[in-house]
Amino acid sequence: MKRSRDRSTRRKPPLGARWLLGAIAPRRDREAILGDLEEEFRVRGAAGQASRWYWAEVVLSAISLIPARLLGPEPGRDLAAAGAGLAMTAVWLVALGASGMGRAVVDAPAEWQALLATAYYASSSIVGGVTAGRMTSRPLAVGILAGGLTLMFLSAVVGGRPVGPGFALVLVTVMIGASVAASSRRRHDRPPARTAGE
Amino acid sequence: MSGRVSLGEFEMLVLAALLRLGEDGYGARVFREIDARSGRRVTIGAVYTTLGRLEKRGLVESWLGQPTAIRGGRAKRYFRLRTSGKEALAASARDLQSMLAGTELGSPT
C-alpha cells in the first residue's frame, strides 16, 4: 500500500502536456496552474486515465488561457523578447560580415562551428530572456539546451561535420548545468494584510 | 444603484466557491468545488482566467503559499473574497431571486 502511494507521488503528468501548459499559461499564474493540475493529476487514480484527463484539461484550458494571454499585459513583453532575440541575430550577422569572418566560419572545424552556434543561440536567448524578465524560466533554460543540441545535430547530419564525442560531452554538460541553474529559483509572496471590516 | 458591479454566471460560481472555501481557496479547490456542487465540467484555465479578471476588478485578492511535494514542489496561489466581492455576489444573487420571484422557478414566499 505504502509502495503504491509512493509510486503515485512520484508519478508525473505527461511531459508534453506540461510543456504546452507552461507555454500558454500567464506568467504570473504559471507555477500555480501547473501545481494545481499536478495535484489533481495525483488525486486521479490510474496512470493512463489521469494522463488522458491531464491532456484534455490542457487542451480545453488553452481555449481560455490563450485569449487571456493575448489580451493581457504579456504580449508586449513576449514580442519585445522575440525582437531582442532577432536583433541579437542581426548583431551576429553584421559582426561576421563586417569582420570578413563569414567564409572562415563556413570552413572552420566542426567543434568551432558548434561552439559558435551555441554561443549565438545562448546569447540570443539570454538577451530575449532578460528583455522579457524571464531569466529564471525553465522553458528558456531548456530552450537554450535544445537549441544547442539541435545546432550540433544539424552540424553533424546536414553539414556532415560531426563534433568529437569529448567536445560534445563537455558542451552538453555545460548547457545542462546552465539550464538547471537558470530554472532553480522561485519567488514567493505573502498573504495581503486584512483591512478593517473584512 | 450607480457603481453596481455586474457579474457573469461563471463569475458568480467562482465567487461563491471562494466564499465557501474561506481561507483555503486556490485554483484546484475552486475547480473541485464547482464540479462537485454544480456538476459543471470546468477547466482550470477558465477558473484562473475568471479569477484574474475578478482580481483586476478588485473583487478578490491573492497571494502565493509555500511549495508542496504533491504539487511537484510548486506553490499554491490562494484567493479570497474582498468585501466588494461579497457585496457584488450578494447583489447578483438578490437580482436573480428577485427576477424569479413569482414564477414557477421562484422560491415560495
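This structure is a prediction, so every number in the text was calculated from the model and none was measured. A note on names: the letters A, B, ... follow the listed sequences, proteins ahead of strands, and every chain is numbered from 1.
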Nearest heavy atoms of B:Leu7 and B:Ser92, plus distance in Å
CD1-OG, 3.5 Å
Relative to chain A, which segment of B:Val47 carries a heavy atom at a distance below 4.5 Å: side chain, backbone, both, or neither?
neither
Answer with side chain, backbone, both or neither: which region of B:Arg32 has an atom nearer than 4.5 Å to a non-hydrogen atom of chain A?
side chain
For the residue pair B:Val30 and B:Thr50, establish whether any side-chain heavy-atom pair is separated by less than 4.5 Å.
no
Could you check whether any side-chain heavy atom of A:Phe41 comes within less than 4.5 Å of a side-chain heavy atom of A:Pro14, counting everything from C-beta outward?
yes
Between chain A and each of B:Ile44, B:Thr49, B:Thr68, count heavy-atom pairs under 4.5 Å; write down the option with the most.
B:Ile44
Chain A interface, residue from B:Ala46, B:Gly27, B:Ala28 that has the most non-hydrogen pairs under 4.5 Å:
B:Ala28
When you check the gap from the basic side-chain N to the acidic O, do A:Glu57 and B:Arg41 get nearer than 4.0 Å?
yes
Closer than 3.5 angstrom, by distance alone: can the side chain of B:Thr103 be matched with the main-chain N or O of B:Leu100 as a donor-acceptor pair?
yes
When the 4.5 angstrom heavy-atom criterion is applied to A:Leu37 and chain B, the contacting part is side chain
